[in-house]
There are 2 protein chains.
Amino acid sequence: MADSDQHRRATFADRLADLVEARESQIVLGLDPDPMRLWPDALALVPADGSPVQRAAAAVRAHCAALIDAAGPACVAVKPQLACFERLGADGWAALAATVAHARERGLLVLADAKRGDISVSAAAYAQALVGSTPTPFGEVEGLGADAFTANPLLGVDALTPLVDGARAAGAGVFVLVRTSNPGAADIEDLVLAGDGDGDGDGDGGTVWERLARIVAQLGGSPGRSGLTDIGAVVGATAPEHVARMRELMPHAPFLLPGIGAQGGRVEDIAPAFAPGRAGGLVSASRSIATAHESTGAPPAAAARAEAERLRAAAWSW
Amino acid sequence: MADSDQHRRATFADRLADLVEARESQIVLGLDPDPMRLWPDALALVPADGSPVQRAAAAVRAHCAALIDAAGPACVAVKPQLACFERLGADGWAALAATVAHARERGLLVLADAKRGDISVSAAAYAQALVGSTPTPFGEVEGLGADAFTANPLLGVDALTPLVDGARAAGAGVFVLVRTSNPGAADIEDLVLAGDGDGDGDGDGGTVWERLARIVAQLGGSPGRSGLTDIGAVVGATAPEHVARMRELMPHAPFLLPGIGAQGGRVEDIAPAFAPGRAGGLVSASRSIATAHESTGAPPAAAARAEAERLRAAAWSW
């Protein structure tokens, strides 16, 4: 896999920082294809033969390619939502792999939005699936080939470690959920911990998400030449009041900031994320780009391109 | 899908309870296929042609079928670990679907060990993928067809709700991670919360996992005729001191208890789980069954059958 080796020469953090500068964009294009809301041009490309699932997967693949072609030039990465592909089974997974390849051909990084978390060998298997490869008696089997993936930290450090190790071995990154963009983040992530009163920063109260942030900083270690670590954080842009505190606890972690656009977050609220450099704050938008035509009346591709460029310019102006 | 309709007539909890009684087993056979540790007979069945990933997926499929045929008669369900299939991409997902079908043909329930968690439409898409179906312009696409799946609750109630709603609409269940079997469970799940001192049980301290347990009980609602709810909990059997407290907080939730065997848990430590009936405590074992031959020297199938039967009898004796 010479292309893969070439692609993976630098660490994830350094590749990310370089590409943000080269493309002058911090925008991550979310790919959440709903088979009932695909662009009409994509549906028109689907062959008339084939089973429903084959045709639906072909339509999803065509839609994602068109969306990447339209909005990709204003973006630094794509973020496929794995659930949207998995619901089409093996055909959906093949469409996902094709979408990853298409994004890479267009010079974009791929952040697999998987939110995986499991223990020991199962966690290691997820890393193999998303960014690594799997030894088999028939030869090595390449995984999805993403540049990074999102992970769920509920199961603790020993469950994150195989994900982090697997990512680093592949020159890839991990974005750990720290505080998500939904109201339900209050149920667990925002809970206040009892303090042990010894002031060592380990048992001194704070919230669950602050504890998660410390874990991310610990796993991230020292930054590379970009000033960033390979272990980042998912930080909902719908709670901008937390972004400065997040940056304090994770000074070198790249932040993946969903919730801009459709979920109500604003680029101007998240400026503290950009402290270690522009690549420190990646602005993720999905529906606001893919469905921009529904409010503007322009053709889907033109509307998506305009909305992505609007977001790019707004973020880059900070 | 007449077979599927037939299969789904009762709620998950009632089907589970009936099948535990009919098969006199609480044992859940974990399917965690590692391509480098498959049974030799399964490897021998793989055709000589095909790409490495096609051959590896065929071998995984044959291995899982052989393991189900050997150990399944002593079990009530299988629990495929999705990571182990995803690492073989679309071919792996096809092997997973074939394994689900094979388990169902053998009269077993299927608990998809996915540990999924996401927000709003993404969570709904995971439910479609695992237990439901997806509307498309080309017709409805059936998902994996599992009877239940595991879910990660870090993102809170509004993220669990689409999973629960999707499961219930399909007559399926959800097992929510409450306290896992790994040492790292101490990092987040065991954290002690600050109390609000009002004694209403909502902000009265306790641990993160106790809070998660309350959420599971709340989502589960009232039990059906079996005395169990469709929303269960994953409770590591490596911390037996917690099982009684779990049962107190979740009186009607079926518990999925991994960690027996290879991870050091013992059936006799988890008796409190069985309080609402035998189906209240499902004992999951993976490697201890699949690799039993490595310590006994017996043929793999015979060793797996003997170990599954040993576990079945041990659990049923309580």
Side-chain angles (χ1 to χ4, degrees), chain A residues 32 35-36 43 52-53 55-56 59 81 83-84 86-90 93-94 97 115-122 125-126 128-129 134-141 143-144 152-159 177 180-189 191-194 205 208 211-212 215, chain B residues 32 35-36 43 52-53 55-56 59 81 83-84 86-90 93-94 97 115-122 125-126 128-129 134-141 143-144 152-159 177 180-189 191-194 205 208 211-212 215:
Chain A
D32 303 3
M36 297 304 280
L43 291 178
V53 65
R55 298 181 74 200
Q81 167 53 254
C84 294
E86 285 177 27
R87 60 181 164 186
L88 301 179
W93 198 277
K115 299 189 174 67
R116 298 300 197 258
D118 213 309
I119 63 172
S120 65
V121 293
S122 300
Y126 277 127
Q128 291 176 316
T134 304
T136 84
F138 315 102
E140 194 82 3
V141 170
L144 191 60
N152 184 311
L154 177 66
L155 282 64
V157 174
D158 68 9
L177 299 179
T180 51
S181 57
N182 57 315
D187 297 331
I188 302 296
E189 299 163 20
L191 291 176
V192 177
L193 301 172
V208 168
R211 186 63 59 95
L212 295 173
I215 289 173
Chain B
D32 303 2
M36 297 303 280
L43 291 177
V53 65
R55 299 182 74 199
Q81 166 53 254
C84 294
E86 286 177 26
R87 62 182 162 185
L88 301 179
W93 198 278
K115 299 188 174 68
R116 298 302 197 256
D118 214 309
I119 64 173
S120 64
V121 293
S122 300
Y126 276 128
Q128 290 175 317
T134 304
T136 85
F138 313 103
E140 194 82 3
V141 170
L144 191 60
N152 184 312
L154 177 67
L155 281 64
V157 174
D158 69 8
L177 300 179
T180 50
S181 57
N182 57 316
D187 297 331
I188 302 297
E189 300 163 21
L191 290 175
V192 177
L193 301 171
V208 168
R211 185 64 59 97
L212 294 173
I215 288 173

Highest number of heavy-atom pairs under 4.5 Å with chain B: which of [options]?
options	result
Leu43(A), Leu212(A), Asp118(A), Val208(A)	Asp118(A)
Ala185(A), Ser122(A), Ala159(A), Ala94(A)	Ser122(A)
Gln128(A), Gln81(A), Arg116(A)	Arg116(A)
Gly139(A), Ser120(A), Ala129(A)	Ala129(A)

TODO: Give a yes or no answer on whether the side chain of Asp187(B) reaches the backbone of Val157(A) with a donor-acceptor pair at less than 3.5 Å.
DONE: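 Yes; at least one donor-acceptor contact below 3.5 Å.
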- [ ] Check for a donor-acceptor pair, side chain of Asp158(B) on one end and backbone N or O of Gly184(A) on the other, with a separation under 3.5 Å.
- [x] yes
Would you check if [X] and [Y] make a side-chain contact, meaning some heavy-atom pair closer than 4.5 Å?
X	Y	answer
Val192(B)	Leu193(A)	no
Pro35(B)	Pro137(A)	yes
Pro153(A)	Leu154(B)	yes

TODO: Determine, step by step, whether Lys115(A) and Asn152(B) satisfy the side chain to side chain contact (heavy atoms under 4.5 Å, CB included) criterion, reporting the C-alpha distance in whole Å, the side-chain angles of both residues, the deciding distance to 0.1 Å, and the verdict.
DONE: CA-CA 9 Å; Lys115(A) 299 189 174 67; Asn152(B) 184 312; over 6 Å; no
Open item on the list: Heavy-atom cut-off 4.5 Å, strictly under: side chain, backbone, both or neither for Glu189(B) against chain A?
Closed with: both
Given that the side chain runs from C-beta out, which part of [X] has a heavy atom under 4.5 Å from chain B: side chain, backbone, both or neither?
X	result
Glu86(A)	both
Ala56(A)	both
Ala59(A)	side chain
Thr134(A)	side chain

TODO: Could you tell me which of Val121(B), Leu177(B), Leu191(B) has the largest number of non-hydrogen atom pairs under 4.5 Å with chain A?
DONE: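 Of Val121(B), Leu177(B), Leu191(B), Leu191(B) has the most heavy-atom pairs under 4.5 Å with chain A.
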Open item on the list: Only pairs of heavy atoms separated by less than 4.5 Å count here; which of Ala97(B), Pro183(B), Gly143(B), Cys84(B) has the most with chain A?
Closed with: Pro183(B)
Task: Shortest non-hydrogen contact between Asn182(A) and Leu155(B), atoms and distance - done: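 Between these two residues, the closest heavy atoms are ND2-O, 2.8 Å.
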Task: Least distance between heavy atoms, Pro52(B) atom then Thr136(A) atom - done: O-OG1, 4.5 Å
